[in-house]
*Asks:* 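Would you mind keeping the following structure in view while I ask a few things?
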Amino acid sequence: VQCVTGLSFGAEYNMVWPGAASSAATRTAGEKFITQTAAVAIPANAAEMCSQMTQGDVVKVNFFNQAGAKEQSAYGVTVKSVTRHENGVVSVSGTAEGQPMETFVLSVGADGFMMSLQDLRKQKLYRVVGDPRAAEAVVKEIDLAKMPLRYDGHDLVPPKEAQASNERK
């Protein structure tokens, strides 16, 4: 079931659930702050579903199989805003239950799916990237306490040597 109408809070949309081939999450050997990854299922009609969402609807996500899990990774997110772009991409933002602020963003189009949900209490970030045409994606659980302060990007301020060199010119 993709969409279930609720009695008082609007519609509920199941957007991410553990993939059939994914019996358990795997630990990653690369970056130490990525604690686990897993294949997840997403709806093939995710863009259509998101375009029907309105403020107050609930998006249900379940990133990892719960059996043997150390922590819960299923969330209900209350939709705060939906933006429909001319190119067919739909962006949804919202607040996960129990969170003090908006920590959920989902952008989906015909050929791309990207979701980010941050659990401030657990210091976890869940990133999901996939292809709705294949109805599958990959979720990464990121431990924010282990992640470097600045992971990607470059220095915004040039080193002092470069500043001194520019001042002499």
Side-chain angles (χ1 to χ4, degrees), residues 12-44 46-47 49-50 53 57-83 85 89-109 111-163:
E12 286 187 1
Y13 296 87
N14 292 317
M15 196 58 61
V16 174
W17 56 95
S22 171
S23 59
T26 58
R27 291 260 177 238
T28 58
E31 284 124 346
K32 294 178 180 166
F33 55 86
I34 299 176
T35 54
Q36 54 184 334
T37 62
V40 291
I42 59 175
M49 288 173 62
C50 289
M53 291 180 187
D57 287 347
V58 176
V59 176
K60 297 286 190 177
V61 295
N62 183 1
F63 300 118
F64 301 104
N65 286 330
Q66 300 302 305
K70 292 187 295 184
E71 296 180 292
Q72 178 88 356
S73 66
Y75 296 87
V77 176
T78 301
V79 173
K80 296 296 182 189
S81 70
V82 180
T83 305
H85 304 278
V89 172
V90 181
S91 299
V92 179
S93 66
T95 304
E97 57 190 276
Q99 299 298 310
M101 65 179 82
E102 289 186 31
T103 58
F104 172 84
V105 177
L106 165 64
S107 290
V108 62
D111 58 354
F113 182 102
M114 196 288 297
M115 175 188 292
S116 175
L117 186 148
Q118 186 171 349
D119 186 325
L120 299 170
R121 279 179 294 173
K122 293 192 315 186
Q123 288 294 297
K124 302 286 184 183
L125 174 66
Y126 300 94
R127 287 193 181 151
V128 181
V129 177
D131 184 351
R133 295 171 299 190
E136 61 186 27
V138 172
V139 61
K140 291 182 180 181
E141 179 186 70
I142 298 168
D143 185 337
L144 295 171
K146 294 179 182 177
M147 187 172 184
L149 293 176
R150 195 187 85 226
Y151 173 62
D152 24 70
H154 54 71
D155 288 335
L156 298 177
V157 177
K160 291 188 187 269
E161 301 81 39
Q163 289 176 1

*Asks:* With rounding to the nearest 0.5 Å, note down the distance linking CZ in Arg127 to NZ in Lys140.
*Replies:* 8.5 Å
*Asks:* In the structure I gave you, are the side-chain heavy atoms of Ser73 and Asn62 within less than 4.5 Å of one another anywhere?
*Replies:* yes
*Asks:* To the nearest 0.5 Å, what is the distance between OG1 (Thr78) and CD (Glu102)?
*Replies:* 10.0 Å
*Asks:* With side-chain hydrogen bond (donor to acceptor under 3.5 Å, both in side chains) as the test, would you mind laying out the steps for Gln123 and Asp143 before giving the verdict?
*Replies:* CA-CA 6 Å; Gln123 288 294 297; Asp143 185 337; over 6 Å; no
*Asks:* Distance from Leu125 atom CG to Leu117 atom CG, nearest 0.5 Å?
*Replies:* 8.0 Å
*Asks:* Could you walk me through whether Phe104 and Tyr75 pass ring-ring contact (aromatic ring centres under 6.0 Å, His included), step by step?
*Replies:* CA-CA 10 Å; Phe104 172 84; Tyr75 296 87; 9.6 Å; no
*Asks:* Do the non-hydrogen side-chain atoms of Val59 and Val79 ever get within less than 4.5 Å of each other?
*Replies:* yes
*Asks:* Could you tell me which non-hydrogen atom of Pro43 sits nearest to which non-hydrogen atom of Pro132, and how far apart they are?
*Replies:* O-CB, 4.0 Å
*Asks:* Let me see the working for Gln99 and Asp119 under side-chain contact (heavy atoms from CB on, under 4.5 Å), right down to the final yes or no.
*Replies:* CA-CA 7 Å; Gln99 299 298 310; Asp119 186 325; 3.2 Å; yes
*Asks:* Measure from the side-chain N and O atoms of Thr35 to the backbone N and O of Glu141, and report whether any donor-acceptor pair falls under 3.5 Å.
*Replies:* yes
*Asks:* Say you draw a straight line from NZ of Lys60 to CD of Glu12; how long is it, rounded to the nearest 0.5 Å?
*Replies:* 4.5 Å
*Asks:* Between His85 and Thr83, which heavy-atom pair has the shortest distance, and what is it?
*Replies:* CE1-CG2, 3.5 Å
*Asks:* Can you see which heavy atom on Ile142 is nearest to which on Ile34, and at what distance?
*Replies:* CG1-CG1, 4.2 Å
*Asks:* Please find the pair of heavy atoms, one from Arg121 and one from Gly98, that lie closest to each other, and give the distance.
*Replies:* NH2-O, 3.5 Å
*Asks:* Go through Val40 and Val128 one step at a time and tell me if the side-chain contact (heavy atoms from CB on, under 4.5 Å) criterion holds.
*Replies:* CA-CA 8 Å; Val40 291; Val128 181; 4.0 Å; yes
*Asks:* Looking at CZ of Phe63 and OG1 of Thr37, how far apart are the two atoms once the value is rounded to the nearest 0.5 Å?
*Replies:* 13.5 Å
*Asks:* Quick one: does Val90's side chain get under 4.5 Å of Met53's, heavy atoms only?
*Replies:* no
*Asks:* Can you name the closest pair of heavy atoms from Leu106 and Cys50 and give their distance?
*Replies:* CD2-SG, 3.5 Å
*Asks:* Could you pull out the closest heavy-atom pair between Met49 and Tyr13, with the gap in Å?
*Replies:* CE-CD2, 3.7 Å
*Asks:* Roughly how far apart are Gln118 CD and Met101 CE, rounded to 0.5 Å?
*Replies:* 8.5 Å
*Asks:* Counting only heavy atoms not in Glu136, do more than 12 sit closer than 6.0 Å to its CD atom?
*Replies:* no
